[in-house]
Structures are given as structure tokens and as C-alpha cells.
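It should be emphasised that the depicted structure is a prediction, and the values quoted were computed from it without experimental measurement. Order of appearance sets the numbers: ligands from 1, and atoms from 1 within every ligand.
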Amino acid sequence: MIVIMKTDATPSQLTNVVALIEQMGGQAHLSRGEERTLIGIIGNGRPFDPDRIEQMDGVEKTMPVLRPFKRASREFHPQDTLVTVGDVVVGGSQITLIAGPCAVESRDQLIEIASAVKERGAQMLRGGAFKPRTSPYSFQGLGEEGLRILAEARDVTGLPIVTEVIQPELVPLVTSYADVVQIGARNMQNFALLHAVGQAQCPVLLKRGMMSTVEELLMAAEYILSHGNTRVILCERGIRTFETYTRNTLDISAVPLLKQLTHLPVIVDPSHGTGKWELVAPVSRAAVAAGADGLIVEVHTHPDQALSDGSQSLKPETFADLVASLRKVAVAVGRTA
Ligand code: PEP
Ligand code: MN
């Protein structure tokens with residue numbers, strides 16, 4: 001249930017309502033808007049009596065919450081959540097561009113790519129140090145050495161770094177280096193991992209599972225939010241369908257749908273979403289036109305030599321062309337890039 005306070009409710013009226021909610025066995029979750037405060041009641045399974053709450057001074061009305069993802073829902077938190085990472089704001093008027101290789105392969109490789117994407121307009125650097133590969137024989141990432149290289153690339157370029165964590169035990173290590181920690185598609189419902197990043201002091205980029213519904217994605221976000229971490233960025237990265245020409249089917253409708261259902265920022269990964277570098281630019285433009293708050297794009301200086309995902313990686317020059325064209329699309333939908 002949501003309690004909508006009057007615009008002129010006083011702090012002590014708010015305190016009294018929170019006390020009543022707690023006395024009734026609920027948890028009060030405050031959302032302070034510019035005009036008024038909303039209180040989301042996270043229940044204990046028992047229904048709450050709306051009349052008792054509505055009789056309190058300062059309360060305008062109560063509303064039942066229809067969505068199972070209470071903290072992630074726009075019903076409870078109408079204003080957009082902005083996730084700030086250094087100087088970068090994700091979810092505001094500017095489209096956030098995250099770019100870099102699929103995996104950190106070496107110091108020289110990463111520093112070269114990081115400098116190239118920075119020069120061409122990226123605001124954050126991506127790169128996997130722990131890679132969740134389908135085959136145990138494929139390159140698994142450089143591990144902590146990869147994290148050290150990412151931190152060096154951040155020092156050189158000033159770009160905040162986004163990198164994946166694949167095990168709960170590694171969350172303290174990865175978050176000690178990362179500016180944003182990524183939960184990959186294969187781990188979207190790894191609840192122990194969601195719990196661990198929910199307790200971390202680091203923004204989380206949560207990717208949609210390749211066989212997950214939009215509601216399952218939002219419930220995964222709810223796990224993170226309910227453990228105290230409110231800085232969650234959602235990412236549509238394509239789902240599995242019967243189509244085989246593309247690696248995944250990028251669900252473009254998920255973007256405006258998520259923007260309706262949740263206050264969290266929504267970005268798109270056109271690289272894993274298509275699997276083909278030629279499709280990355282058109283799909284990126286579609287994503288921004290559909291309301292995405294940002295993009296995470298794989299870029300490599302030598303895609304033919306990449307240890308993973310070379311076929312879906314843009315070269316820096318193609319990335320530059322993409323950025324230029326995105327600027328026009330962003331302006332057309334009232335944003336900047
Ligand atoms: C990645 O970003 O490199 C990655 C493995 O993505 P996903 O989890 O979406 O497959
Ligand atoms: Mn990849």
C-alpha cells in the first residue's frame with residue numbers, strides 16, 4: 001500500500017504515520033518528492049487497514065500497490081531515479097554512453113581502447129575481468145589482474161569503469177575496483193549474487209536474463225533494492241527467440257514498457273542484443289528513440305583478434321559515427337548525447 005501525504009504535512013505528522021505503520025508490523029519506505037512525500041508500506045503478509053491510516057493527520061489518501069515489485073515500481077516512486085557515477089548521471093536528460101571491449105585482454109589492449117572511446121564521446125568504460133563463458137575452454141578473463149588494468153585505464157582516461165561480478169564471494173573484490181558493478185544475463189536470477197550486490201555501496205548494472213520476462217527483471221531489481229542498494233540501472237540485452245540470424249532478439253518494446261513500470265534508469269546493449277557489429281548502430285538509434293537512458297556498446301581496436309565477442313564489436317571509427325548519429329536522434333526525442 002502507498003500512503004500519500006498532504007502537500008502541507010508536517011515532519012511530526014509524517015513521523016506519527018511511520019510509527020503507526022511500524023506498530024502494525026510494516027516497514028515504511030519514504031519517497032520524498034518535490035511537492036509531497038509518499039510512504040510505501042512493505043508488509044508482513046497481513047493486510048493493512050487503510051482507514052486507520054487515512055484518519056491520521058497529514059494523510060491525504062492511501063492506494064493499494066498492484067505491482068509485486070514495490071520498491072522498483074513507479075506507482076510508489078513516481079519521479080525518475082538518477083544514478084550518479086562520478087560526474088556521470090544515468091537517467092537524466094543526457095544519454096549515457098558506456099563503451100569498451102567485451103573482456104580486458106591485456107594492459108595495452110585496454111588502455112588503447114579506453115583512450116579511443118574516451119576521445120570519441122564515451123562517458124564510461126566497460127570491460128570484463130571475470131567472464132561468464134558458455135564453454136569452460138573459452139577465455140575466462142584475467143580476474144583481479146583485469147581489475148587492476150581497468151583501474152589503470154580509469155586513471156589514464158578519467159572514465160568510470162563498469163565490470164561484471166559472477167560470484168557473491170567476489171563482490172567485495174570487484175566493488176573495490178569498479179565504479180559500477182554488472183550482473184550479467186546469466187546471473188540475473190542468481191539470488192545470492194543479487195543479495196550480495198544489494199548490500200554493496202556500488203551502483204549495479206542489472207542485465208535482463210536471456211530467458212526472463214520484464215517482470216522477472218524487475219523482481220531481480222527488487223532483490224537488490226530490498227537489501228538497501230537503491231542505485232540500480234536496468235539493461236535490455238536481447239532475449240532468446242526462434243530467430244537465428246541474430247544472437248538474441250533485442251526487445252525494443254521493453255524500453256518504453258520499463259520506463260512506464262519503473263523509476264530506474266534503463267539502458268540497452270545493442271552488441272549482445274544483436275551479435276553483429278553491422279546491426280549495432282541502427283539498433284542503438286532505435287533504443288534512444290524508444291526512450292533508453294543510455295547504451296553499453298562493445299568496441300575493440302582489433303575485433304578480428306578479440307578473445308571474445310569480436311563479431312559484435314565496433315571499431316573506434318564506427319563508434320564515432322554512431323555517436324554522431326545518436327546526437328541527432330537524442331535531440332529529436334528531447335534529450336542530448
Ligand atoms: C557482457 O556484457 O560482456 C556480457 C557477458 O553480457 P550478457 O550478460 O548480457 O551476456
Ligand atoms: Mn561480450
Side-chain angles (χ1 to χ4, degrees), residues 96-105 109-110 113-114 117 122 124-136 138-143 146-147 149-150 161-167 170 174 178-190 193-194 197 203-212 214 216-217 220-221 224 232-241 246-251 254-255 258 266-277 279-280 283-284 287 292 294-315 319:
T96 306
L97 299 175
I98 307 169
C102 178
V104 181
E105 299 167 3
Q109 172 249 15
L110 191 71
I113 298 173
V117 297
M124 285 201 242
L125 175 66
R126 64 148 289 147
F130 293 93
K131 294 302 299 176
R133 303 305 300 279
T134 302
S135 165
S138 302
F139 176 58
Q140 304 285 310
L142 297 180
L147 297 176
I149 296 173
L150 279 161
I161 55 183
V162 183
T163 195
E164 182 165 351
V165 64
I166 56 178
Q167 276 168 257
L170 290 174
V174 176
D179 298 292
V180 176
V181 67
Q182 175 174 322
I183 301 287
R186 289 158 191 78
N187 276 312
M188 189 204 84
Q189 285 188 319
N190 180 338
L193 190 57
L194 298 175
V197 296
V204 180
L205 195 169
L206 175 64
K207 293 185 126 190
R208 179 178 181 180
M210 58 188 86
M211 286 164 287
S212 302
V214 163
E216 286 164 344
L217 170 62
I224 302 171
V232 177
I233 303 163
L234 303 174
C235 180
E236 164 60 39
R237 49 77 74 205
I239 49 175
R240 279 225 169 134
T241 67
T246 46
R247 181 175 179 182
N248 290 289
T249 298
L250 192 111
D251 181 6
V255 175
L258 283 165
V266 178
I267 70 167
V268 165
D269 176 344
S271 310
H272 294 87
T274 63
K276 294 193 163 154
W277 73 265
L279 303 183
V280 167
V283 168
S284 299
L295 296 167
I296 178 163
V297 182
E298 287 184 341
V299 177
H300 202 292
T301 39
H302 304 284
D304 52 331
Q305 290 162 28
L307 296 183
S308 59
D309 289 351
S311 56
Q312 65 190 35
S313 299
L314 297 182
K315 290 186 180 164
F319 176 67

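For ligand 1, the atoms lying closer than 4.0 Å to a non-hydrogen atom of G184 are 8 (O). Near A185, meaning under 4.0 Å from any of its heavy atoms, are these atoms of ligand 1: 7 (P), 8 (O), 9 (O). Close contacts of ligand 1 with R186, meaning ligand atoms under 4.0 Å from a residue heavy atom, involve 7 (P), 8 (O), 10 (O). Every atom of ligand 1 is numbered from 1 in the order shown, and the set under 4.0 Å from a heavy atom of E298 is 3 (O). Within ligand 1, counting atoms from 1 as listed, the ones closer than 4.0 Å to a heavy atom of C102 are 3 (O).
By the 4.0 Å N-to-carboxylate-O rule, D309 lies close enough to R247 to be salt-bridged with it.
Under a 3.5 Å cut-off, the side chain of T274 and the backbone N or O of L279 do not form any donor-acceptor pair. One N or O on the side chain of D269 and one on the backbone of H272 form a donor-acceptor pair closer than 3.5 Å.
Protein heavy atom closest to atom 4 (C) of ligand 1, with residue, atom name and distance, is H272 NE2, 3.4 Å. Nearest protein heavy-atom neighbour of atom 6 (O) of ligand 1: K207 NZ, 2.9 Å.
Residues A221 and L234 share a closest heavy-atom pair of CB-CD2, 3.9 Å. Residues L295 and A287 come closest through the heavy atom pair CD2-CB, 4.0 Å.
Nearest N/O/S atom of D309 with respect to the Mn ion (ligand 2) is recorded as OD2. The Mn ion (ligand 2) lies closest to atom OE2 when only the N/O/S atoms of E298 are considered.
With a heavy-atom cut-off of 4.0 Å, Q182 touches ligand 1 through its side chain alone.
Rounded to 10 degrees, the SG-metal-NE2 angle spanning C102 and H272 at the Mn ion (ligand 2) equals 170°.
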Note to self: Is there a side-chain contact (heavy atoms from CB on, under 4.5 Å) between K207 and R186? Walk through the geometry before answering.
What the structure shows: CA-CA 9 Å; K207 293 185 126 190; R186 289 158 191 78; over 6 Å; no
Next item on the list: Any chance you could lay out the side-chain contact (heavy atoms from CB on, under 4.5 Å) test for R208 and E216, step after step, and finish with the verdict?
Entry: CA-CA 8 Å; R208 179 178 181 180; E216 286 164 344; over 6 Å; no
Item checked: Step-by-step side-chain contact (heavy atoms from CB on, under 4.5 Å) determination, M124 to D179 -> CA-CA 9 Å; M124 285 201 242; D179 298 292; 5.8 Å; no
Next item on the list: For Q312 and C102, run side-chain contact (heavy atoms from CB on, under 4.5 Å): C-alpha distance rounded to whole Å, both residues' side-chain angles, the deciding distance at 0.1 Å, then the answer.
Entry: CA-CA 9 Å; Q312 65 190 35; C102 178; 5.7 Å; no
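Of the polar atoms of R237, at least one N or O is found under 3.5 Å from an N or O of ligand 1, judged by distance alone.
Nearest residue to atom 2 (O) of ligand 1 from E164, K131, R126 is R126 (criterion: closest heavy atom).
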